[in-house]
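I have placed the structure first, in the form of structure tokens, so that the comments after it can refer back to it.
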Amino acid sequence: KNEVEQSPQNLTAQEGEFITINCSYSVGISALHWLQQHPGGGIVSLFMLSSGKKKHGRLIATINIQEKHSSLHITASHPRDSAVYICAVNMYSGGGADGLTFGKGTHLIIQP
Amino acid sequence: NAGVTQTPKFRILKIGQSMTLQCTQDMNHNYMYWYRQDPGMGLKLIYYSVGAGITDKGEVPNGYNVSRSTTEDFPLRLELAAPSQTSVYFCASSYVRPDTEAFFGQGTRLTVV
């Protein structure tokens, strides 16, 4: 069974700081997703990666397939970035039809 | 587009009752999924469907049933609710391939007492 590990589990930072959240996985994947969940809210897709790097506004996601590792970076963090960030993967076996395998999430709090 | 719509948002059930969680997507997605989210745990797959008329079990299917009579709808049925089914349930969908962007509903918070 693939395991998706995220670190840190909890992160509190000051507004403006550069934030990094890490994700490691143990087997081959066809894609990796970064998701955002606000308290009591739904889940929103931020990025889907199969290689390289993607950027959207202040968010950057990278993946290293050889090292089975991905990072999510937030530049110039803001209190509205406070949320749970979830890493999830499509396992390569079976084409990923059996859904995503999720990490436990990183609870991020940005203080003003 | 509404995306993925789940109803209800909240529900309290008594032990032994049954209910159906509704999920509808208007994006013509082939793949649909039901997940449950428990505190401190990653989301777990309950059931999934790769198209109308085709469903399959995920990691935690016991106590649940699904059907997929149309591309749009993927209801989740809870029979004989138990306290262990207290959770937040998410429906999700993706397009032709499962390793494409996933779209999630807003979630259903279910409490079984």
Side-chain angles (χ1 to χ4, degrees), chain A residues 1-10 23-51 54 56 61 63 65 70 83-107, chain B residues 2-10 23 25 27 29-51 54-61 66 68 74 76 87-109:
Chain A
K1 174 78 176 163
N2 186 45
E3 189 169 355
V4 179
E5 297 285 346
Q6 284 186 239
S7 62
Q9 285 187 303
N10 298 283
C23 177
S24 298
Y25 51 92
S26 54
V27 296
I29 65 168
S30 57
L32 182 142
H33 304 250
W34 282 103
L35 309 166
Q36 181 191 57
Q37 184 177 22
H38 283 284
I43 297 171
V44 175
S45 175
L46 297 174
F47 296 102
M48 194 205 71
L49 296 159
S50 54
S51 64
K54 287 189 176 180
H56 184 241
I63 188 168
I65 297 294
S70 175
V84 177
Y85 292 85
I86 302 170
C87 175
V89 301
N90 291 100
M91 291 171 58
Y92 188 74
S93 59
D98 53 349
L100 294 168
T101 301
F102 294 81
K104 294 181 180 180
T106 295
H107 188 196
Chain B
V4 180
T5 303
Q6 280 184 244
T7 56
K9 286 190 169 57
F10 303 93
C23 177
Q25 52 89 12
M27 298 171 283
H29 284 175
N30 289 359
Y31 293 86
M32 295 188 74
Y33 307 89
W34 275 105
Y35 298 97
R36 60 177 287 171
Q37 183 180 40
D38 299 307
M41 305 293 291
L43 280 79
K44 301 288 186 188
L45 181 66
I46 304 170
Y47 270 95
Y48 67 98
S49 169
V50 302
I54 306 170
T55 63
D56 209 344
K57 295 178 180 179
E59 186 181 356
V60 289
V66 293
R68 184 97 182 267
F74 190 42
L76 177 72
S87 189
V88 181
Y89 292 84
F90 287 95
C91 179
S93 72
S94 58
Y95 194 38
V96 175
R97 286 167 54 88
D99 53 350
T100 52
E101 183 180 2
F103 293 81
F104 288 81
Q106 287 297 302
T108 297
R109 185 173 294 273

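Here is the naming used below: chain letters follow the sequence lines, and residue numbers restart at 1 for every chain. Given the structure is predicted, the values throughout are model-derived calculations rather than measurements. Just the heavy atoms: all of them, side chains too, but no hydrogens, waters or symmetry mates, feed the values below.
Gln6(A) does not touch chain B: none of its heavy atoms, backbone or side chain, sits under 4.5 Å away. Heavy atoms of Phe103(B) lying under 4.5 Å from chain A are absent altogether. Proximity to chain B is limited to the side chain of Ile86(A), based on heavy atoms less than 4.5 angstrom apart.
Between the side chain of Trp34(B) and the backbone N or O of Gly58(B), no donor-acceptor pair lies under 3.5 Å.
Aromatic ring pairs are classed by plane angle as parallel below 30°, tilted from 30° to 60° and perpendicular above 60°; the pair His29(B) and Tyr95(B) is tilted.
Across Ile54(B), Thr55(B), Asp56(B), Val66(B), a single residue satisfies side chain to side chain contact (heavy atoms under 4.5 Å, CB included) together with Tyr48(B), and that is Asp56(B).
Comparing Met41(B), Gln37(B), Lys9(B) by how many heavy-atom pairs each has under 4.5 Å with chain A, the most go to Gln37(B).
A donor and an acceptor atom, one from each side chain of Thr108(B) and Gln6(B), are located under 3.5 Å apart.
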